[in-house]
S.K.: 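Quick one: structure below, then a few questions.
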Amino acid sequence: MLKQGPGAPNRVDVIKNLLQRFAYLGLIVTAFGLMMLGKAETVIVEEVRARINDAFAPILEAVAEPAATVRTYLDEGRQLINLHEENLRLVEENKRLLQWQTVARKVEEENVILRGLINFQAGPEASYRAARVISDDGGTFSESMLLYAGSREGVKNGQAVVTGEGLVGRIAGVANRSARVLLISDLNSRIPVMIESSHARGILAGRNGEKPVLTKLPPGTIVSPGDRIVTSGHGGAFPQGIPVGLISSVNDVSIEMSPYVNSQHLEIVRIIDYGLEGILDRHRLKTDLPKIDPLPKKITVEKTKPMLTVVPKPGSERRPSEP
Amino acid sequence: MKPAFWQHLDLWARNISPVGLTVVLILLNIIPTHIPGYASIVPQLALMAVFHWTVFRPDLFPLWAIFVIGILQDSLSGAPMGLNTMVFLTVYGVVLGQRRFFLGKTFFVEWLGFSIIAAGAAFQAWVLLSAYYVYVVAPGPIIFQYFMTIAFYPILAWAMGRWHSSILK
């Protein structure tokens, strides 16, 4: 298009040049507009992103598996070298775990009996779904990863992503066969957590590169390094008690936490379906917005119905205290 | 089949290869390697490709391709949509204006030019990111990534140069 030939530029060239310039400016404005739309959390931007991720997910999945295999071989080689030490350590650990097993058995039995005694209602049963991690975290610009599981596997926005060690993050953005998990270290991540020992609730806020910090703790809470942090289950998105991390440092400015999960080594993660809609459901979010609020519609529909006086059956009327 | 058809197809495949290669580089950037901290130290491969091809073959690297590549990078890396797109478009605009300066010069001049432009790109990315989050993002990782990008440029530039001289005639 841009041929540098000899001779003065003719009219066609000038027009071409102008058009090129307009196209350039137009695209810059489009990119800026996309950023603004993305900031406003517009559905279109998320949809476009989801579509693109979906298109590339199979390729990434195909590459991720061999990459993982190679790494496994390397790991095995490394393990062979430390076989003896590892063995000793495991024997030691096994002894300790066996002791714990007896304790756990005892506690479990006791728990069953006590639950029976007080007629305890357990919370909703969580179901798990495994998914392969198919991208590295975004590094400088965002702390998130792509998973090879999407809405066709029943993944929904807001579900918790865990490994055996603890919480990885939450699902933020679902496409048909891929989903993005926002790591707890991301700047946008806010997880309702509590200190396990004191049950003091707070919010875990990510800070991209640095360690996440614990905020919004009730005044007067005593925190010390080494305290275990677990999810509090508030907000209805996460089950209670998923281990998140340990308090690593406490000072006047911030309470830093080091996560249990090292997001750099993730290959397979589990997505928890808790059966709750979660705080991030778009339709529930929409009800907060006056423009797309579906509630007024419902009311008008009800108004058009002929007025009937319904006498409730005895015992079936709603008490005001009931939800 | 007429041979002209295959010749056309061949030429078309060759001409589209710079854009195709850049897409591969974007994928390379985000493949899970499980190297600790890889994502924050991995050089910005797509930026190198955008620079290189804009200097040497802008005819094969049209404006829309830059836009598409930026969108792709943003979508797949999870960055705010449009961020890298704006950075790449800016680099494209600046480089296209200055490309005569780079043509026919030694590799060292090209490298120097790239390091200046990549610095501008890193700064722009940092400003945009901070504005997007309304929070001063720690500049450390971006600076580190910038140095990694400059350090890796000669390798990729060599590879793309070879590609240029052997595949694209």
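Sequence lines set the chain letters: A, B, ... in the order given, protein chains first and strands last, and positions in each chain run from 1. Quick caveat: nothing in here was measured; it's all calculated off a predicted structure.
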S.K.: Taking R207(A)'s backbone N and O only, do any of them form a donor-acceptor pair with Y135(B)'s side chain (distance below 3.5 Å, no angle check)?
M.R.: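 Side chain of Y135(B) to backbone of R207(A): no pair is present.
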S.K.: Locate the shortest heavy-atom distance separating S77(B) from S144(A); write the atom from each residue and the value.
M.R.: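 In this case the closest contact between S77(B) and S144(A) is O-OG, 4.0 Å.
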S.K.: In terms of heavy-atom contacts, does CD1 of I44(A) have more than 12 from other residues, nucleotides or ligands at under 6.0 Å?
M.R.: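 Count not over threshold, so no.
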S.K.: Which bit of D74(B) is near chain A, if near means a heavy-atom gap under 4.5 Å: side chain, backbone, both or neither?
M.R.: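 For D74(B), the backbone is the part near chain A, not the side chain.
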S.K.: Under the criterion side chain to side chain contact (heavy atoms under 4.5 Å, CB included), I'd like the reasoning laid out for F56(A) against L72(B): C-alpha separation, chi angles, the key distance, then a yes or no.
M.R.: CA-CA 10 Å; F56(A) 283 90; L72(B) 210 59; 3.3 Å; yes
S.K.: Please check if atom CZ in R152(A) has more than 12 non-hydrogen atoms from other residues, nucleotides or ligands closer than 6.0 Å.
M.R.: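 Atom CZ in R152(A) is crowded, with more than 12 foreign heavy atoms closer than 6.0 Å.
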S.K.: Measure L76(B) against the heavy atoms of chain A and call it side chain, backbone, both or neither at under 4.5 Å.
M.R.: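 Both backbone and side chain.
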S.K.: Go through the steps to decide whether M81(B) and R49(A) satisfy the test side chain to side chain contact (heavy atoms under 4.5 Å, CB included), and finish with yes or no.
M.R.: CA-CA 8 Å; M81(B) 205 64 153; R49(A) 190 194 288 275; 3.9 Å; yes
S.K.: What distance do L129(B) atom CG and L187(A) atom CG have between them, rounded to the nearest 0.5 Å?
M.R.: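 So the gap between those two atoms works out to 8.0 Å.
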S.K.: Might you confirm whether atom CZ of F147(B) has over 12 heavy atoms from other residues, nucleotides or ligands at distances under 6.0 Å?
M.R.: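 For F147(B), atom CZ is not crowded (no more than 12 foreign heavy atoms under 6.0 Å).
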S.K.: Heavy atoms only: give me the nearest G82(B)-L34(A) pair and the separation to one decimal.
M.R.: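 Minimum heavy-atom contact is CA-CB, 4.4 Å.
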S.K.: Counting only heavy atoms from other residues, nucleotides and ligands, does the tally under 6.0 Å from OH of Y24(A) exceed 12?
M.R.: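 Result for OH/Y24(A): enclosed.
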S.K.: Where does F67(B) contact chain A at under 4.5 Å (heavy atoms): side chain, backbone, both or neither?
M.R.: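 F67(B) touches chain A through side-chain heavy atoms alone.
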S.K.: Quick one: closest heavy-atom pair of L63(B) and Q20(A), and the distance?
M.R.: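 Where L63(B) meets Q20(A) most closely, the heavy atoms are CD2-O, 4.0 Å.
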S.K.: With side chain to side chain contact (heavy atoms under 4.5 Å, CB included) as the test, would you mind laying out the steps for S75(B) and N53(A) before giving the verdict?
M.R.: CA-CA 7 Å; S75(B) 309; N53(A) 289 345; 4.0 Å; yes
S.K.: Inspect the surroundings of CZ in F101(B) and state if more than 12 heavy atoms from other residues, nucleotides or ligands are less than 6.0 Å away.
M.R.: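 At most 12 heavy atoms, drawn from other residues, nucleotides or ligands, come within 6.0 Å of this atom.
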S.K.: Is it the side chain or the backbone of L60(A) that comes within 4.5 Å of chain B heavy atoms, both, or neither?
M.R.: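 Side chain only.
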S.K.: Distance check, rounded to the nearest 0.5 Å: L27(A) atom CG versus M86(B) atom CE?
M.R.: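 The distance works out to 11.5 Å.
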S.K.: Between Q44(B) and chain A, which part of the residue has a heavy atom less than 4.5 Å away: side chain, backbone, both or neither?
M.R.: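 For Q44(B), the side chain is the part near chain A, not the backbone.
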S.K.: Name the region of L60(B), side chain, backbone, both or neither, that has any atom closer than 4.5 Å to a heavy atom of chain A.
M.R.: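 Neither part; nothing is under 4.5 Å.
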S.K.: Is the NZ atom of K105(B) crowded by more than 12 outside heavy atoms at less than 6.0 Å?
M.R.: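 Result for NZ/K105(B): enclosed.
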S.K.: For the interface with chain B, which of I28(A), L182(A), I59(A) has the highest count of heavy-atom pairs at distances below 4.5 Å?
M.R.: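 Looking at each of I28(A), L182(A), I59(A) in turn, I28(A) comes out on top.
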